[in-house]
Amino acid sequence: MVSSFIKKTENITVYVADNKIDKDLLHEIITSLIYEIDYSAALKLKIYRTLVDFE
């Protein structure tokens with residue numbers, strides 16, 4: 001479980017460091033990682049839209 005959390009947050013950490021993900025989205029992601037098995041479809045879409053806007 002801990003190793004899964006670390007693997008999932010590795011890429012997120014890079015995006016936070018690059019200022020591509022703000023603290024509100026980071027909060028949603030961390031909350032999802034803690035309480036859900038996988039990201040919801042809405043959260044996946046929000047992450048996708050956030051990252052695509054930067055590219």
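This chain uses plain numbering: 1 for the first residue, then up along the sequence.
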If you round to the nearest 0.5 Å, how far is [atom2] of [Y] from [atom1] of [X]?
X   : Y   : atom1 : atom2 : answer
L25 : I12 : CG    : CD1   : 7.5 Å
L51 : K20 : CG    : NZ    : 7.0 Å
I29 : T9  : CD1   : OG1   : 10.5 Å
S40 : L45 : OG    : CG    : 9.5 Å

Query - Side chain proximity check, E28 to I47, heavy atoms < 4.5 angstrom - result: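 Of all side-chain heavy-atom pairs linking I47 with E28, none is under 4.5 Å.
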
Report task. Look at the side-chain heavy atoms of Ile, Leu, Val, Met, Phe, Trp and Tyr, link any pair under 4.5 Å apart, and say whether I6 and V14 land in one connected group. Result ->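 Not linked; separate clusters.
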
Report task. Quick one: closest heavy-atom pair of D38 and S32, and the distance? Result ->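 In terms of heavy atoms, the two residues are closest at O-OG, 3.8 Å.
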
Query - E10 atom CD, over 12 foreign heavy atoms within 6.0 Å - result: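 Atom CD in E10 is not crowded, with 12 or fewer foreign heavy atoms closer than 6.0 Å.
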
